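These notes concern the structure reproduced below.
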Amino acid sequence: MKKYILDVQLPNINKRLSYYIKSERDIESGSLVDVPVSEKSYLGIVESSKEFIGQENLSELKFVNSIYEKKFFNDDLYKLYKFICEYYFVTPSSALKLFPSFNMKLLSKNKVKISKKGQEVLECSLLFSDNLKDLLEQLNRREYDLSYIKSKYKDTFRYALSERLVDMVSETNIRNDKANLDLYKKADEIEKYENLSILNDEQDRAFKYFKGYLNRNSELSLVGTTGSGKTEVYLKLIVEVLKKGKNAMLLLPEITLATHFVDMLEKRFPNLVYVWHSQLGKSERNKLLNIITNLTEKIFIGPRSLIFLPINDIGIIIVDEEQSENYKQDDFIRYDARILARERARYNNCPVLYVSATPSVDLGKRILDGEVFSYYLSKRFGEFSLPKINIVKRNNFYGSFSEEFINSLKEVKEKKEQAIIFVPRRGFYPFVSCADCGELVKCKNCDVPMCVHVIKGKRVYVCHHCGYKFTTDPVCKKCSGLNFKQYGAGSQKITEELKNIFPDANVERIDSDSVNTYSKLKAVLKDILDGKIDFLVGTQIITKGLNFPKINFVGIPFLEPLTSIPDFRSFEKLYQLLVQVTGRAGRYSMGGKVVIQASEDQVPIIRKYTTISYWDFLLEELELRKDMFCPPFSYEVMFRWNGKLTEVKDEAKKFREILKEVYVLFENRDIKVTAPKFCPILRLHGNYRMYSLIRFKDKDVRKDFLEILLKRYSPKNKKIFIVDVDPLYYF
DNA sequence: AGCACGCCGACT
DNA sequence: GTCGGCGTGCTC
């Protein structure tokens, strides 16, 4: 046996630690190992190893506890981890935290048994404490669980271990777990799923087109009108992948909303579907993690974090609803699962398939550039036409319903169909201002207006950012006035109004206030499916994936003023929203109908966006972005400081000086810099905020630039500074 | 990165 | 006299 020294990266220590291991062969980088740190043991990753020759200094390093099989953290995950470090400029330790593998406990039972030395010591009755004697005598009878021995003997056990009086035994026993026996299915059984979906000609052509790409790495995209049956096409592709003995990964933006989709899949593919979501308990998670490493020919479904699971033999990665912003994580590490999916597909030499009715402009450009191979479904499945869209002009943004709107709802009620009413904001009144001077009531911690909610029949002022609440009317900060005017409408108010107008209708609301638990959501979704709900009011949450047969009407009482978010993606978001929301209507029958109420200045753009094709929209949007040097024509990085005013200002100033220095090194490299300035929302959670945005023509230049910049600039207090590569939110 | 240790200011 | 702030230093 040779001895090796391993450099190990742990998810909780920002420094590599070295350990010894005895092994016949060299240890590969990327191996998952269990190592001791202080008195505990942690999982880490081997970054490098070298053979140790000589005997000196042995006592300085500890030994690796155990080395995991490759499947628990395969090479593709190691590459993904390296990619995240480089692309997002984060420390190795924080990047590792993204991977559930490091929170995994092997389901094997760790046992303790007495060693030869221990037996000898016991037989000879050498001097030892009573505790130690008890321990050794107990273990001399049989093995015991590590956890039991640890809790009973603590320090004595540690001493016994260090003196090698006891040995640890571990056995991985997952394959024999009775509950998991049925998880191993033969590939030939899968063929019976092949003909479960009946595709129309167009879908079949799409399927055949993509089938040709299954054996290699490629970026694919399935674009199609809402209700064109994109799901059926990719399900059939999944079956193809399973037939090859490989796994399929399916990413969804919101797994909790997709319960009935998941139920459908489970019914259709019994024993083949595995769902990963944040609601899973610790032990369930752990069990799943242990099991999935052994599986092939399975379908794994989950939100963006699915991309980090130790799934082996991946044959396809599908990103459904590609346009969704949910794929970008907006705290901790600001990764984009769409980018990571692309990377992971490359490491697995398999395709990644983006699916959307309205692909992000970024993807759209790459389709036009020929980087992504796309197939377009133009017809609605079952020949149902797209809903008829009616735009009703109104003189203000908010308020209630036009005759048209109410009549449509009446019709829905009479026909015993269902309606969705989309409201952009939650709460009762989004704004309250002083009746005398007009000053908005704002949160004391944040630079945003307080909204009025009704909680248990009582009026409550709530801040949507920090959650700060108060119940009594405030005093105007500007003029000390006591009279307030509330205006606008949120989902709660719209719900109440509808209940008043339609006393015998069942009006239900879905937003983060009314539905805050998984079980509640499930109950509401079931009620919709069972036809118990007539009108469903909801915020953004209802725009994706709610496909219910009886929904034939979608109403939008008002849309927010277009100018409220000064952001180059506003048009993209509006377009996607309109297509997604209106697409909920009439998916399974004729005569779908949509009524959108809008202010006069909104009408032209809404009219345009509800009639224009995705491709025409894309071309127009690309033109605008090109002129403005916006993504996808540039690559962005944003820096933001969050903290006390003086601290933030000082740091931003320091940054500015360093930025200038680095910029000089990169002259004439197509870089556009926005020097640090205050954010449009000056304060959040009691912290002042500043930002700086840099745009690069070239992705590699961005990388080089950042490398130098971040080497020279590091804030005193790391907590106040964030780097956001490819930001989606700028406020 | 987290956690422990340690050295100084505002409280019973 | 104590609680608690966050500066420094360590983990193989």
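Here is how names work: the chains are called A, B, and so on, in the same order as the sequence lines, proteins then strands, and each is numbered from 1. Because the structure is predicted, anything quoted here is derived from the model rather than measured.
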Fill in: side-chain contact (heavy atoms from CB on, under 4.5 Å) partners for Asn74(A), two or more places apart
Lys70(A), Asp76(A), Asn312(A)
Worksheet, complete the sentence: Contacts of Glu325(A) meeting side-chain contact (heavy atoms from CB on, under 4.5 Å) (sequence neighbours excluded), chain-then-number -> Lys573(A), Leu728(A), Tyr729(A)
Practice prompt. Heavy atoms of chain A, cut-off under 4.0 Å: which first and last nucleotide of DNA chain B, 5' to 3', fall inside that, if you could look?
Written response: dA1(B) to dG2(B)
Item to complete: For Val441(A) and Pro474(A), work out which heavy atoms get closest and say how close.
Response: CG1-CG, 3.9 Å
Worksheet item: Salt bridge or not for Lys703(A) and Glu86(A), using N-O below 4.0 Å?
Response: yes
Worksheet item: Any donor-acceptor pair under 3.5 Å linking the side chain of Glu69(A) with the backbone of Phe73(A)?
Response: no
Between the protein and nucleotides 4-11 of chain C, which nitrogen or oxygen pairs come in under 3.5 angstrom?
none

Worksheet entry | Sequence neighbours excluded, every pair satisfying side-chain hydrogen bond (donor to acceptor under 3.5 Å, both in side chains) that has a member inside residues 94-104 of chain A | Thr91(A)-Ser94(A)
Response to the item:
Quick note, side-chain hydrogen bond (donor to acceptor under 3.5 Å, both in side chains) partners involving residues 680-696 of chain A, not counting sequence neighbours, are Glu636(A)-Arg695(A)
